[in-house]
Amino acid sequence: MKRFHRCWAEIELTALRENLGFLRQWVGPGVRLLTVVKADAYGHGLRQIAALLMQSGTDLFGVANLTEAEAIRSVGKGWPTLMLGACLPAEMESAVDLGVIPTISSVSEARRFSEIAAPRRTTVKVHVKVDTGMGRLGVAWAEARSLVEQVRTLPSLEIEGIYTHYSSAEDDPEYSRIQADRFVKVLDELKAAGICPPIVHASNSAAVLCERDSHFNLVRPGLLVYGVVPPGQRTFPGALVEWLRPALSFYCRVSLVKSVPAGTRLSYGGTFVTTKETRVATLTAGYGDGYMRAGSNRAQVLIGGKRCAVLGRITMDQMLADITDVPHAQPGDAAVLIGRQGAETISVRELADWFGTVPWEVLTGITYRVPRIYRGGHAA
Ligand SMILES: *Cc1c(COP(=O)(O)O)cnc(C)c1O
């Protein structure tokens, strides 16, 4: 059977490669890049993206679970990989065997890793996480020095890094400043006690853009690697936002074209009723592909280089668009859900707004049944 995709994503490897180069230029020498590849590399395909980032010179990977770490190991041995979440008790042995760098928020986690490492005659490198106001992982900043001092006494452990995470870097400079100050206070206290973990980091994508004095010696961009700028209240200074290019485009096809008279109900629930004669295209994508139902009667797609409104409810596998202004549209034509066609572009951010969500959820929401097609180089 000849493969003809009904709904697919294209990933420009050249864009990713260049984005990594721009990020490196932006943060300057002496700052390492940890590329975040959790959730199937933000929906781009973990193995392929990991291979590309290895070739393009990422320094470390950031993952959310051990399956992701294993996938990276299957592509290339020996890449430092930081587990950004807490390891479950049942995962700790595997984490050590995989050589993953765990994140430590408590002395009990550290003790367990030490006990696992000792009989294996190995040293587990760990990064201690400091909660400066995110309230998710990490030791409270006021107790961070004490935790580090306790972890240091445990055998078979090495504190390779210390880090924190911003909760609102894209929106709130004041709160980010408070978080940064708390973190620096911890670092100063440790320094006074003669403790200087070699790797220090804080910045996600938003902070890479607008907290340039807190890059320390490693940054942790996710979204920016894929060429998407985080939405938020703050305007991002500097050229990086112009340099970056989105790597992912998302497509489906027109499967049927028809004209319907005024007064026609369209799709489930009849939430859209035509007010005039309308040309309607049936499209081969729906929420089963990750095109979220929340975009019903709100989102737009590109057909024939023109913006076309999504009409009525988005269903699992199909949806409808108004092609009254695209008279030549016909079955088989590509419709762009994310990306460019002619002079028009639909960005991940715009689609996220229509869905009432954020770009991270749109990208990671593109489902398994959407084939990822890679362009511009070879990947795993
Ligand atoms: C996901 C994640 C990141 C990357 O966030 P972006 O906003 O996509 O850059 C960085 N650090 C941690 C701890 C994360 O969990």
Side-chain angles (χ1 to χ4, degrees), residues 16 19-20 22-24 26-27 31-44 46 49-50 53 58-66 68-69 72 80-87 100-105 126-139 141 161-172 175-176 179-180 183 199-212 214-234 236 240-241 244 246-248 347-349 352 357-366:
L16 275 156
N19 291 343
L20 200 69
F22 291 138
L23 280 162
R24 199 171 277 296
W26 178 256
V27 298
V31 177
R32 277 183 255 210
L33 286 178
L34 177 153
T35 49
V36 179
V37 293
K38 61 200 184 190
D40 204 28
Y42 288 43
H44 293 61
L46 175 51
I49 300 308
L53 293 171
T58 188
D59 297 304
L60 290 87
F61 288 106
V63 297
N65 62 46
L66 297 181
E68 293 171 349
I72 291 171
T81 302
L82 176 63
M83 167 86 170
L84 297 166
C87 279
V100 169
I101 304 165
T103 290
I104 297 290
S105 306
V126 303
H127 287 211
V128 170
K129 182 144 193 196
V130 182
D131 182 8
T132 56
M134 169 73 184
R136 189 173 61 178
L137 274 190
V139 60
W141 79 92
I162 185 163
Y163 74 107
T164 191
H165 191 52
Y166 287 109
S167 78
S168 324
E170 60 275 38
D171 290 320
D172 191 340
Y175 193 68
S176 303
Q179 286 195 264
F183 188 49
I199 303 181
V200 181
H201 47 116
S203 294
N204 59 358
S205 289
V208 165
L209 286 167
C210 50
E211 297 294 334
R212 291 187 82 177
S214 63
H215 288 174
F216 301 100
N217 60 14
L218 180 148
V219 292
R220 301 190 307 270
L223 205 58
L224 291 181
V225 173
Y226 308 96
V228 179
V229 172
Q233 307 291 315
R234 297 177 79 173
F236 297 123
L240 184 61
V241 291
L244 297 173
L248 181 139
S347 69
V348 182
R349 276 173 63 162
T357 185
V358 292
W360 296 268
E361 192 179 10
V362 173
L363 290 173
T364 59
I366 299 172

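Numbering of residues begins at 1 and proceeds along the displayed sequence. One-based numbering, in listed order, for ligands and for the atoms of each.
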Output the distance between atom [atom1] ([X]) and atom [atom2] ([Y]), rounded to the nearest 0.5 Å.
X: I162; Y: I199; atom1: CD1; atom2: CD1; value: 12.0 Å
X: L209; Y: N204; atom1: CG; atom2: CG; value: 9.5 Å
X: Y226; Y: T35; atom1: OH; atom2: OG1; value: 6.5 Å

May I ask you to check if ligand 1 and S205 share an N or O to N or O distance below 3.5 Å?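 Checking ligand 1 against S205, an N or O pair does fall under 3.5 Å apart.
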Ligand 1 N/O within reach of V36 N/O, cut-off under 3.5 Å: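 N/O-N/O distance under 3.5 Å: no.
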I need the atoms of ligand 1 closer than 4.0 Å to a non-hydrogen atom of [X], numbered in the order shown.
X: R220; answer: 3 (C), 4 (C), 9 (O), 10 (C), 11 (N), 12 (C), 13 (C)
X: L223; answer: 6 (P), 8 (O), 9 (O)
X: Y42; answer: 1 (C), 4 (C), 5 (O), 6 (P), 8 (O)
X: P221; answer: 9 (O)

Close side-chain approach of Q179 to D172, heavy-atom, < 4.5 Å: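 Answer no - side chains too far apart.
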Heavy-atom check, side chain of T81 versus side chain of M83, under 4.5 Å: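 No, too far: nothing below the 4.5 Å cut-off.
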Can a donor-acceptor pair be found, under 3.5 Å and without considering hydrogens, that links the side chain of R220 to the backbone of V36?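 No; judged by distance alone, with no hydrogens or angles, the pair does not exist.
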What verdict does the side chain to side chain contact (heavy atoms under 4.5 Å, CB included) test give for V219 and L33, after you've listed the backbone C-alpha separation in whole Å, the side-chain angles of each residue and the deciding distance to 0.1 Å? CA-CA 5 Å; V219 292; L33 286 178; 3.5 Å; yes
Can you pull out the closest protein heavy atom to atom 15 (O) of ligand 1? Residue, atom name and distance to 0.1 Å, please.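 Closest protein heavy atom to atom 15 (O) of ligand 1: K38 NZ, 2.6 Å.
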Closest non-hydrogen protein atom to atom 12 (C) of ligand 1, residue and atom name please, with distance?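 Answer for atom 12 (C) of ligand 1: H165 CE1, 3.4 Å.
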Where does R136 meet ligand 1, judged by heavy-atom distances below 4.0 Å: at the side chain, the backbone, both, or neither?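 R136 to ligand 1: side-chain contact only, backbone stays beyond 4.0 Å.
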